[in-house]
Every structure is written in C-alpha cells, then in structure tokens.
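Just so you know, these numbers use all the heavy atoms, side chains as well, and skip hydrogens, waters and symmetry mates.
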Amino acid sequence: MKHYGFLDKLEKQIDEILKTKDRVLISVVGKGGTGKSFFGKYIKNYGCCKFSKRNIAVIDDGVLWVDFLFFFRRTIKIKNAVFDELQPFLKKLSKRKKIIFYINATPWERISRADILLMLSTDENTRKKRLQQRYNSIETINKFLTAENITDYKIKYTYLVKGEV
C-alpha cells in the first residue's frame, strides 16, 4: 500500500473540519495526467489516513463510487455536468459517509465551494507517460501537455493541501 506524503496534512484538515461539520467535501484538482483518478482509486480501495473506506465516497468523472455491505461496490452515474453542488450524489449517500472526494479538473462547473482543495501534481515526464498510455492521439496528448496551468480553480475553499502523486 502506497503512502502519499501529503496524507498527514490532509488528515489534520479533515479532523479540523469534522469538529464543526457532519461531512467534509474535498475537491481533488490537477492537470490531466497528474494522477487524480489514480489517487481516487487508491482512496476507494484503502481509505484515507485513519478513515476507513466505509466512511468515504468518491465522485470521479460524474460517477459516484461507494462501498456497502462490507465487500460490494456500487456506482451511480450522474453525468449531467450542471452546477448542482453535487446534490444528486449527496442524496444517495448514507450518513455514515463523512468524507466526499470530488475529482475533477474543472470543479467550478459543478460546485462553488469545498472544505479542502487538494491540488495534485507530478513531474512532467511521468505526466507525459500517463497521457501516452491513456490516449492514442498525439494531438490529444499535446493538447494536455500544452494546456495552460490553472492556478485559480474558481471555487471557495477553507484549506489548501498540495501533494505529489
């Protein structure tokens, strides 16, 4: 099991928020190929920090992944990328789900705020290899590689955590 160096800081921020709120929304952002979805799969399989995967929901690319009944996994697809503050997903979650990871490179299209903005990055060589594995088209790969670096994710957040994947 891999341990990401930024998880300790993330755990502290989650604990801080759970003192005053029932749930934590974490918006996971980064350039294409930085490992956002890979990190989401890690969270789905192992949980996050001291929090069990049973207390976590992951929304990636319009799909909600939740574990239930110990070893079953359920997916709920709501692809409408409309500004809805994730309400269609949140309505389907049990109260046990205390931590929601929303993975999206452009979160402002669907949400206005998150408790934590988790900004992921990776070195450019790794990123390029990941994009080459994912796409066959050189034009598509170059589009991602030359895309402008987004520094303002246009959502409000309480804490910013940066991490390398």
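Checking side-chain atoms of Thr122 against main-chain N and O of Val165 turns up a donor-acceptor pair under 3.5 Å. Arg110 contributes no side-chain N or O that, together with a main-chain N or O of Asp84, makes up a donor-acceptor pair within less than 3.5 Å. The backbone N or O of Arg96 lies less than 3.5 Å from a partner atom in the side chain of Asn55, making a donor-acceptor pair. Thr106 contributes no side-chain N or O that, together with a main-chain N or O of Glu109, makes up a donor-acceptor pair within less than 3.5 Å.
Note that the CG atom of Asn45 and the NZ atom of Lys53 stand 6.0 Å from one another [nearest 0.5 Å]. Annotation: the span from Ile17 atom CD1 to Lys12 atom NZ amounts to 14.5 Å, rounded to 0.5 Å. Taking SG of Cys49 as the reference point, atom CD1 of Ile56 lies at 8.0 Å (rounded to 0.5 Å). One distance of note links CD1 of Ile14 with CZ of Phe51; it measures 5.0 Å at 0.5 Å rounding. In this structure, the separation between NZ on Lys162 and CG on Leu10 is 15.0 Å, given to the nearest 0.5 Å. Taking CD1 from Ile111 and NZ from Lys154, the interatomic distance works out to 13.5 Å, rounded to the nearest 0.5 Å.
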Pairs of donor and acceptor atoms involving the side chains of residues 23-33, under 3.5 Å and at least two apart or interchain, shall be tabulated with distances.
unit_1: Arg23; atom_1: NE; unit_2: Lys97; atom_2: O; d: 2.7
unit_1: Arg23; atom_1: NH2; unit_2: Ser94; atom_2: O; d: 2.8

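In this structure, Tyr153 has no ring-ring contact (aromatic ring centres under 6.0 Å, His included) partners at least two apart in sequence or on a different chain.
Between the side chains of Arg113 and Thr158, at least one donor-acceptor pair of N or O atoms lies under 3.5 Å. Judged by distance alone, the side chains of Ser112 and Glu85 do bring a donor and an acceptor atom under 3.5 Å apart.
Between Phe39 and Tyr42, the ring planes are parallel. Angles under 30° get that label, and only those over 60° would be called perpendicular.
Taking all atoms of both residues into account, the shortest heavy-atom contact from Ala114 to Ile155 is CB-CD1, 4.1 Å. Nearest heavy-atom pair across Thr34 and Arg127 is CG2-CD, 4.0 Å.
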Fill in: side-chain contact (heavy atoms from CB on, under 4.5 Å) evaluation trace for Ile59 with Val63
CA-CA 5 Å; Ile59 303 168; Val63 179; over 6 Å; no
Practice prompt. Begin from the C-alpha positions of Cys48 and Leu7 and carry the test side-chain contact (heavy atoms from CB on, under 4.5 Å) through to its verdict.
Written response: CA-CA 7 Å; Cys48 180; Leu7 289 181; 4.1 Å; yes
Worksheet item: Yes or no on side-chain contact (heavy atoms from CB on, under 4.5 Å) for Lys143 and Ile141, after CA distance, side-chain angles and deciding distance?
Response: CA-CA 5 Å; Lys143 182 180 95 176; Ile141 294 167; over 6 Å; no
Practice prompt. Evaluate ring-ring contact (aromatic ring centres under 6.0 Å, His included) for Tyr135 paired with Phe144, printing each intermediate quantity in order.
Written response: CA-CA 10 Å; Tyr135 301 107; Phe144 280 104; 5.2 Å; yes
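Using a 4.5 Å cut-off on side-chain heavy atoms (C-beta onward), Tyr159 and Glu16 make contact. Looking at Leu93 and Leu64, their side chains come closer than 4.5 Å, going by heavy atoms from C-beta outward. Within the 4.5 Å cutoff, side-chain heavy atoms of Met119 are placed close to those of Leu117. Between Val161 and Gln13 the shortest side-chain heavy-atom distance falls below 4.5 Å.
Remark: Asp22 does not engage Lys95 in a salt bridge, criterion side-chain N to carboxylate O under 4.0 Å. Between Asp15 and Lys50 there is a salt bridge, since at least one side-chain N of the basic residue sits less than 4.0 Å from a carboxylate O of the acidic one.
When hydrophobic clusters are built by joining Ile, Leu, Val, Met, Phe, Trp and Tyr residues whose side-chain heavy atoms come closer than 4.5 Å, directly or via intermediates, Leu131 is not grouped with Phe38.
Phe89 has its ring centre no less than 6.0 Å from the ring centre of Tyr102.
Taking a 6.0 Å sphere around CG of Asn136, one finds it holds 12 or fewer heavy atoms contributed by other residues, nucleotides or ligands.
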